[in-house]
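For the numbers below, each heavy atom of this structure counts, side chains included, while hydrogens, waters and symmetry mates do not. Computed from a prediction, not measured in an experiment: that's the story for all the values here. Heads up: numbering here begins at 1 and tracks the sequence.
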Amino acid sequence: MTLCHSPIPRRGLIAAAAAAAACALLPGLAAAQGAFPSKTITIIVPFAAGGTTDILARVVAQGMGAELGQPVVVDNRAGAGGNIGGQLAARAPADGYTLFMGTVGTHAINAALYKKMPFDPIKDFAPLTRVANVPNLLVANPAQPFKTVQELIAYAKANPGRINFGSSGSGSSIHLSGELFKSMAKVDMQHVPYKGSAPAVTDLLGNQIAIMFDNMPSAIQHVRSGKLRAIAVTTAKRSPELPDVPTIAEAGVPGYEATSWFGMFAPAGTPAPVVAKLNATIVKVLAQPDIRKKLAEQGAEAAGETPDQFAAFIQKESVKWGKVVKESGASVD
């Protein structure tokens, strides 16, 4: 017999009554757990609308909403290289209804770059899965007098400090890609941080800044339209979406490589069953052919893995980018 149906001895009336009450609650608790989600899920994006983090988050949100039967919305909270949104997400209730679209910047770079962090990227978050890997694309306004990596380096050396490169914020992969280029090419360029990739691209289109090492999804449309000039990609291999654009390494800076990645997180302490359901849902979405095609058209490679695999990947990336920050001399007060 189960505890809920066992006879009640005289000496155990109080204990039996408590057990009966607990048994009565079990169906309700089970139903509550099985009902997740029962309301809207919010994904905090720590950069401005229109940038790569935002683009990827909205694609995933749409797919998650269809799978879960509940709305999944994006909330843009830009600033401080992703730290403002990261802090907000880290302090959210650990119930699965507030998620965070993290990046290589928020979870592998910022801890080495900022003297004071408003959250711990490892302890304050439960990794769900990597969403996508994305090349960065070195792009220039067509009015600039250089078309190749070698011409850019020659111009920068002849005009030290004259070239401004924009980024989605201090500590982002876009920023560090530029710092790595400065260090390896031995050139002097000025970093101009923005609250997201989109406003930086706007100024690049207006020739207010000369170049960007932008995430490909937010730059590729402007390259295809001719509004921006693609000079090189930051990855070790060329992108299938822009096969004629060389890598920075093959174009004049041997050994150069920088790849951006984006992943979904929940606040630390989120119940394991909720983490498992969210992981399974996002991985299923990322495996859908139409989603993979949509991301590929943006220059992104869909990912998808277990929380443990993602956590191990983040640890390795933290070591790698920590060294890049130290060697480049980049810092944020």
Side-chain angles (χ1 to χ4, degrees), residues 44-57 76-89 100-119 121 134-141 144 152 156 160-185 187-219 222 228 231 234 258-262 321-322 324-333:
I44 294 177
V45 171
F47 298 102
T52 297
T53 315
D54 179 70
I55 291 171
L56 297 178
N76 297 90
R77 298 298 184 98
N83 284 351
I84 290 176
Q87 181 181 22
L88 183 65
F100 182 63
M101 187 66 164
T103 70
V104 60
T106 62
H107 279 75
I109 295 175
N110 286 4
L113 192 72
Y114 286 80
K115 294 179 180 178
K116 293 184 179 180
M117 283 286 289
F119 62 90
V134 177
N136 286 346
L137 185 63
L138 171 54
V139 287
N141 185 286
Q144 295 297 322
L152 169 59
R162 289 278 301 277
I163 295 179
N164 293 327
F165 72 99
S167 80
S168 55
S170 296
S172 64
S173 68
I174 298 173
H175 172 205
L176 265 293
S177 292
E179 294 292 348
L180 182 61
F181 182 85
K182 284 173 56 179
S183 175
M184 295 185 69
V187 294
D188 179 14
M189 304 189 304
Q190 297 300 314
H191 174 228
V192 182
Y194 290 79
K195 290 185 177 182
S197 179
V201 170
T202 297
D203 273 7
L204 181 62
L205 291 169
N207 205 27
Q208 302 302 308
I209 53 176
I211 63 172
M212 275 186 73
F213 294 78
D214 196 21
N215 298 145
M216 191 173 286
S218 62
H222 301 300
L228 292 178
I231 296 178
T234 65
T259 302
S260 294
W261 55 262
F262 302 79
W321 285 103
V324 171
V325 170
K326 183 177 180 179
E327 292 173 359
S328 70
S331 65
V332 176
D333 293 333

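Ring geometry, Phe165 versus Phe213: the interplanar angle exceeds 60°, so the pair is classed perpendicular (tilted spans 30 to 60°).
Lys195 contributes atom NZ, which lies 13.0 Å from atom CG of Asn76 (distance to the nearest 0.5 angstrom). Taking CD from Gln144 and CG from Leu152, the interatomic distance works out to 9.5 Å, rounded to the nearest 0.5 Å. Taking OG1 from Thr52 and CE from Met101, the interatomic distance works out to 9.5 Å, rounded to the nearest 0.5 Å. With rounding to the nearest 0.5 Å, the separation of CG in Leu56 from OG in Ser218 is 9.5 Å. Between the CD1 atom in Ile109 and the NE2 atom in His175 there is a gap of 9.5 Å [rounded to 0.5 Å]. With rounding to the nearest 0.5 angstrom, the CG atom of Asp214 is 7.5 Å from the OG atom of Ser168.
Between Ile211 and Met189 there is a side-chain heavy-atom pair separated by less than 4.5 Å. By the 4.5 Å heavy-atom criterion applied to side chains, Pro121 and Asn110 are not counted as neighbours. Under the 4.5 Å side-chain criterion, counting only non-hydrogen atoms from C-beta, Phe100 is not in contact with Arg77.
Judged purely by atom type and a 3.5 angstrom limit, Thr106 uses its side chain to pair as donor or acceptor with the backbone of Thr103. With hydrogens and angles ignored, the 3.5 Å screen pairs no side-chain donor or acceptor of Ser183 with any backbone N or O of Glu179. Listed for the Asn141 side chain is no donor-acceptor partner under 3.5 Å among the backbone atoms of Ala210.
With Phe262 as the partner, the side chain to side chain contact (heavy atoms under 4.5 Å, CB included) test is satisfied by one option alone out of Val104, Asn215, Val45: Asn215.
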Run the side-chain contact (heavy atoms from CB on, under 4.5 Å) check on His222 and Val139 step by step: do they pass? CA-CA 10 Å; His222 301 300; Val139 287; over 6 Å; no
side-chain contact (heavy atoms from CB on, under 4.5 Å) between Leu228 and Met212, worked out: CA-CA 10 Å; Leu228 292 178; Met212 275 186 73; over 6 Å; no
Carefully, step by step, assess Ser177 and Thr234 under the rule side-chain hydrogen bond (donor to acceptor under 3.5 Å, both in side chains). CA-CA 8 Å; Ser177 292; Thr234 65; 4.9 Å; no
Mind running side-chain contact (heavy atoms from CB on, under 4.5 Å) on Ser170 and Tyr114 for me, showing each step along the way? CA-CA 9 Å; Ser170 296; Tyr114 286 80; 3.8 Å; yes
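Defined by atom type and a distance below 3.5 Å, a donor-acceptor pair is present between the side-chain atoms of Asp203 and Tyr194. Asn164 and Gln208 share no side-chain donor-acceptor pair at under 3.5 Å.
When all heavy atoms of Ala112 and Val325 are compared, the pair lying nearest together is O-CG1, 3.7 Å. Between Ala78 and Ala48, the closest heavy-atom pair is CB-N, 3.6 Å. Taking all atoms of both residues into account, the shortest heavy-atom contact from Ser167 to His191 is OG-NE2, 2.7 Å. Of all heavy-atom pairs spanning Val134 and Pro217, the tightest one is CG1-CD, 3.2 Å.
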